[in-house]
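This one's a predicted model, so the numbers in the text were calculated from it and none came from an experiment.
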Amino acid sequence: MSQPPFFHEASGTVRFWVEVEGQLVGASVGKETLHYRYRSTATDDEALDTYALHAQEIDDAVRRRVAQGSTEPVMLREFDLRHDAPRP
């Protein structure tokens, strides 16, 4: 069993785990990336809350990166969360 996602203050990222082909893969996404992708007009957004609201889309982005050859820990970028990203 994986631990729940959490905000890592020192790196400014949400850290989480995604099941990919039966294996848990560690991943992270920056607070700024979440803000600009999902809540760019908000002034009170919390990274962990934003992650939770969009977890499926973010987890799918991790799966795409792993399918393209990325190894853990997978660090998502704004490019990985673009609107036109292909679905797995």
Side-chain angles (χ1 to χ4, degrees):
M1 178 171 165
S2 172
Q3 64 176 307
F6 67 96
F7 184 71
H8 184 255
E9 193 73 40
S11 65
T13 63
V14 173
R15 294 188 178 181
F16 57 99
W17 291 260
V18 178
E19 187 173 332
V20 180
E21 297 180 4
Q23 299 290 322
L24 289 177
V25 175
S28 61
V29 61
K31 179 178 181 175
E32 291 81 11
T33 299
L34 291 168
H35 171 78
Y36 290 115
R37 170 59 178 92
Y38 298 108
R39 309 257 345 254
S40 62
T41 60
T43 59
D44 62 346
D45 56 328
E46 292 291 329
L48 196 52
D49 293 341
T50 302
Y51 166 80
L53 287 171
H54 303 280
Q56 184 62 53
E57 181 179 346
I58 295 166
D59 291 357
D60 287 347
V62 172
R63 290 184 186 97
R64 282 193 303 275
R65 289 280 307 276
V66 170
Q68 294 168 352
S70 293
T71 58
E72 79 174 313
V74 175
M75 176 66 175
L76 294 179
R77 308 154 297 183
E78 285 184 55
F79 177 81
D80 299 315
L81 300 174
R82 67 193 191 281
H83 290 284
D84 63 339
R87 300 287 178 210

In short, ring-ring contact (aromatic ring centres under 6.0 Å, His included) pairs touching residues 41-66 with sequence neighbours left out are Phe16-Tyr51, Tyr38-His54
Counterpart residues, side-chain contact (heavy atoms from CB on, under 4.5 Å), relative to [X] (two or more places apart):
{"X": "Asp45", "answer": "His35, Arg39, Ala42, Thr50"}
{"X": "Thr33", "answer": "Val29, Glu78, Leu81"}
{"X": "Glu21", "answer": "none"}
{"X": "Leu48", "answer": "Pro5, Val14"}

Quick one: side chain to side chain donor-acceptor pair (under 3.5 Å) partners of Gln23, sequence neighbours excluded?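 With sequence neighbours excluded, Gln23 shows a side chain to side chain donor-acceptor pair (under 3.5 Å) to no residue whatsoever.
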Residue Glu46 excluded, over 12 heavy atoms near CD under 6.0 Å: no
With a cut-off of 6.0 Å (strictly less than), are more than 12 heavy atoms of other residues, nucleotides or ligands near OH of Tyr36? no
Testing the basics here: between [X] and [Y], what is the closest heavy-atom pair and its distance to 0.1 Å?
{"X": "Met75", "Y": "Gly30", "value": "CE-N, 4.1 Å"}
{"X": "Ser28", "Y": "Arg15", "value": "CB-CG, 4.0 Å"}
{"X": "Ala27", "Y": "Val62", "value": "CB-CG2, 3.7 Å"}
{"X": "Glu19", "Y": "Arg63", "value": "O-NE, 3.2 Å"}

Check: Val18 and Ile58 side chains under 4.5 Å, non-hydrogen atoms: no
